[in-house]
Amino acid sequence: MPETRRPTIPAAEEILGGYFPVLDHGFVALVDYMGGDSDVERAARVSYGAGTRRKSATRGLIRYLRRHRHTTPSEMVEFKFHCAMPMFVARQWIRHRTASVNEYSARYSLLPLLFYRPERGQVETQSATNKQGRDGGVEDVVYREAVGRWERIRAEAGDGYSWLIAEDIAREIARIDLPLSTYTQWYWKIDLHNLLHFLLLRADPHAQWEIREYAKVMAGAVRRVAPLTFEAWMDYQLLGSALSRGELEAIRQLLEVSGDGGLRAKEGATLSVGELAELELAPREIRELAAKLAGPTEVPDFELDLSKMRTAEDVEREIARAVPVHDTR
Ligand SMILES: Cc1cc2nc3c(=O)[nH]c(=O)nc-3n(C[C@H](O)[C@H](O)[C@H](O)COP(=O)(O)OP(=O)(O)OC[C@H]3O[C@@H](n4cnc5c(N)ncnc54)[C@H](O)[C@@H]3O)c2cc1C
């Protein structure tokens, strides 16, 4: 094999084609990538690519681009993933329109009968404060009963599917009653700019825990392919925050620029909830501002655990075992 002249990144090569387990039967694998931080820089400078610049210069430029939302240079870097996820996760994921997707066809192929079973810690009660969230554990007996009910529904659905297939009913019809917990798979290709937008929304604590587990692995891949961009994204976007006019005005009333160009608190300055409301901050915005100032409850590092990485063959064998045996074509 001739040596490639394409830019490669040792940390990315280390995980290329490796399958990282997610949930009970899912995975994320980086199957290909194009470019990295230096390609963001080259695109921004529209350079010939000759010579290597100091890392600090590249870092400075990449941080500047991200701060000022000069995004097209990061569209020059591409990621191709192979992922398997329960259908309800796929349904959230597919809303991101800037990726190229090719999903496993359940019209053409038999579906492996693999279903997501949430672990004990993920089965929580409905959150009282967030209608799209969960909050608070459940009794063991409730979890056991939930698992029992899921198992019965899945056994019935899987049995129905296998029976229809055995009766030579078309796959596109046989699959219609499989539950949303059934795993599907796709190839998903996206550029770095749009991947970071996806991760901003889906690695965020407001996203459902299950899709966040996928986002964590993909963020780990970004960290390896484009570490400087990843660092800037963490600093300015994931762990940073935009401020509204009202929020900025509140901060202006509390802080001022000191003689040496730093910042100092204005003597005796405070703002009551009523005064914040006068700045046209709604009660919810005031709570959100407090949360921004309190800072994140956890700071993820998105480091991938390479000891968990599996081979494609290994994963393929496991999935093939879950396909109904009536595949005669
Ligand atoms: C926590 C959370 C809860 C959600 N709840 C719901 C819900 O209850 N119901 C629901 O239906 N959805 C829900 N969504 C999905 C959400 O509304 C978005 O559809 C999804 O997150 C994709 O975001 P996006 O459009 O920014 O991303 P992408 O589709 O990846 O697009 C990236 C960016 O490209 C641009 N873009 C792409 N396509 C267009 C276009 N056609 N026109 C203009 N600009 C475009 C936009 O700037 C966009 O931000 C939820 C998402 C999250 C993260």
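We count ligands from 1, going down the list as the structure has it; atoms in each ligand are counted the same way. Heads up: numbering here begins at 1 and tracks the sequence.
Contacts of Ser38 classified as side-chain contact (heavy atoms from CB on, under 4.5 Å), with partners at least two apart in sequence or in another chain: Arg42. Judged as a ring-ring contact (aromatic ring centres under 6.0 Å, His included), and not counting sequence neighbours, Tyr236 has no contacts. Every residue two or more places apart in sequence or in another chain was checked for a ring-ring contact (aromatic ring centres under 6.0 Å, His included) with Phe20, and none qualifies.
Between Gln122 and the options Glu210, Glu213, Arg134, a side-chain hydrogen bond (donor to acceptor under 3.5 Å, both in side chains) holds for only Arg134.
Annotation: ligand 1 has protein neighbours Arg95, His96, Arg97, Thr98, Gln132, His197, Leu201, Arg202, His206, each with a heavy atom less than 4.0 angstrom from the ligand.
Annotation: Tyr19 is in aromatic contact with Phe27 [ring centroid separation under 6.0 Å].
In His68, the NE2 atom is crowded: over 12 heavy atoms of neighbouring residues, nucleotides or ligands sit closer than 6.0 Å.
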